[in-house]
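Computed from a predicted structure; not experimentally measured. Ligands are counted one by one from 1 in listed order, and the atoms in each one are counted from 1 as well. Along the sequence shown, residues are numbered consecutively beginning with 1.
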Amino acid sequence: MTVQTRLSSTLSFDIATIPTGLFIGGTWREGAGGDPIDVYDPSTGQVIAKVANASIDDAMDAVTAAHKAAKGWAATAPRKRSEILRRCFELMVEHKDMLAELISLENGKALGDAHGEVSYAAEFFRWFSEEAVRLNGEISTAPSGANKIIVQHQPIGVAVLVTPWNFPAAMATRKIAPALAAGCTCVLKPATETPLTAFALAALYSEAGVPDGVVNVIATARSGPTVSAMLNDPRVRKLSFTGSTEVGRVLLREAANTVVSCSMELGGNAPFIVFDDADLDAAIEGAMIAKMRNGGEACTAANRFYVQSGIASTFSQKLVERMGSMNVGVGYDCSTQCGPLINQAAVDRIRALVEDAKVRGAKVLAGGSGLDRSGYFFEPTVLSDVSPLSNITSEEIFGPIAAITTFETEDEVIDLANGTEYGLISYVYTKDLARGLRVSERMDSGMVGLNRGIVSDPAAPFGGTKQSGLGREGAHHGILEFCEPKYIAVSW
Ligand code: NAD
């Protein structure tokens with residue numbers, strides 16, 4: 001492991017140019033929720049900005065602005081909406097360097113990962129600009145022959161969007177783009193840790209021609225009461241949430257009061273299965289992406305490595321070489337491959353998971369501790385002989401730890417892989433395509449990476465089974481989450 005240091009003074013943009021107010025009805029304003037919110041650079045632990053803190057009244061103003069804009073936006077021609085979304089895509093691409101540095105600055109992720117996020121995030125605008133003009137309905141004859149059945153997809157109404165800190169741009173655009181394509185207006189509440197990217201993007205939407213009130217962005221230090229107040233307002237008809245399963249459960253209960261439609265993208269605990277016959281180099285390459293993209297802070301991150309006994313020691317050795325030689329350092333330094341975690345609590349949580357695994361018999365093959373420097377760092381770590389009873393196999397790690405367990409048979413590994421309340425994604429490596437497809441079908445997860453360490457694609461339905469969520473984002477499915485089918489029975 002090599003340790004890099006560099007400070008934010010070397011960024012190509014001035015942080016003071018990023019808006020820090022609430023964006024409501026097309027104007028920027030102060031928040032009435034109390035002291036401004038400190039935003040930290042996880043690479044140094046220093047405060048880099050203070051942003052407006054929304055009160056419940058501010059949130060209600062945002063809902064009012066979205067509600068006022070709703071009729072006009074829903075009536076805007078799909079082609080016009082499509083062209084505005086396309087312009088959002090183009091502006092994000094034009095500003096990709098600034099956006100990537102900003103993401104890295106407030107989230108900590110390595111600049112390469114941040115660039116990847118900006119491209120992915122921008123693609124949602126391109127994809128949904130294309131979907132906006134293809135929201136086709138259906139027409140059929142009733143089986144009795146008595147009438148025709150017309151089904152039209154109408155915008156569901158004002159949407160509240162709540163996003164996490166681990167992808168400050170992509171989790172927002174994955175919701176905003178389909179909402180706008182469907183003809184909905186929205187209020188985005190980004191994570192308190194990473195509001196700057198959301199505000200920088202709001203300025204770009206405005207420049208792209210998104211009308212005032214169609215997208216509103218508020219940050220708040222009191223997420224619970226603020227989101228709850230919005231969900232209890234009958235003008236809000238949609239909640240699209242990405243975050244932990246724990247908070248997802250709370251919000252599902254809240255949404256029950258007004259029977260708000262919910263799309264939930266929640267936590268993951270991905271198994272990464274390597275069979276003896278896998279292409280070892282491909283499996284290592286895939287493992288590095290599935291584990292280390294975003295420094296392991298991804299819902300899709302490989303959480304449990306299950307490696308068949310014949311290949312286990314070679315796989316572990318090669319993974320140790322790759323993990324052990326990563327450049328760890330300040331996220332926005334170009335040579336960094338693994339940045340800091342989001343905060344000190346994340347470092348402490350991961351340390352406790354490693355200690356618990358060790359007590360239950362795991363061996364530390366690489367890394368295993370935090371770094372003695374400012375910022376929130378943990379070494380890329382490889383553990384072998386991890387007991388299935390360890391907390392690290394049942395909880396989301398959300399950090400740079402690869403936990404390896406050996407298995408013997410296909411049935412055994414399928415039981416191990418599916419033995420979790422989560423069902424977001426699974427990874428399977430084998431050269432035998434029949435086995436790969438058979439095992440993929442038996443994975444109790446919404447997505448499978450078969451001989452691939454990354455699956456995210458705006459053109460594909462992203463989402464989980466079990467307690468990893470409800471609904472899908474991206475693909476054609478993504479726009480339907482923001483639509484209500486209208487059935488018209490007609491005789492002519
Ligand atoms: P989190 O659940 O703590 O927070 C998510 C969002 O909810 C933030 O905006 C937060 O401010 C807000 N929030 C927190 N408590 C709230 C409450 N009581 N009421 C309303 N809003 C509340 O999650 P996080 O720590 O920001 O993100 C990490 C989690 O997100 C992980 O579990 C990860 O797996 C998950 N995630 C899932 C996906 C997916 O697509 N399935 C993608 C990214 C992240």
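- The 4.0 Å heavy-atom shell around ligand 1 contains residues Val162, Thr163, Pro164, Trp165, Asn166, Met171, Arg174, Lys189, Pro190, Ala191, Thr192, Ser223, Gly224, Val227, Phe241, Thr242, Gly243, Ser244, Val247, Leu251, Glu265, Leu266, Gly267, Gly268, Cys299, Glu396, Phe398, Leu424, Phe462, ordered by chain and number.
- Between Phe272 and Tyr427, a ring centre-to-centre spacing shorter than 6.0 Å is recorded.
- Ring to ring, Trp165 and Phe398 are close: their centroids are under 6.0 angstrom apart.
- Cation-pi geometry between Lys109 and Phe167 is met: the NZ or CZ atom falls under 6.0 Å from the ring centre, inside 45° of the normal.
- Qualifying side-chain hydrogen bond (donor to acceptor under 3.5 Å, both in side chains) partners for Thr300, counting only residues two or more places apart in sequence or in other chains: Arg293.
- Taken to the nearest 0.5 Å, the CZ atom of Phe13 stands 5.5 Å off from the CG atom of Leu105.
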Practice prompt. Could you go through the ring pair (Phe, Tyr, Trp, His ring centres under 6.0 Å) check for Tyr429 and Phe305 one step at a time?
Written response: CA-CA 11 Å; Tyr429 273 79; Phe305 283 87; 9.9 Å; no
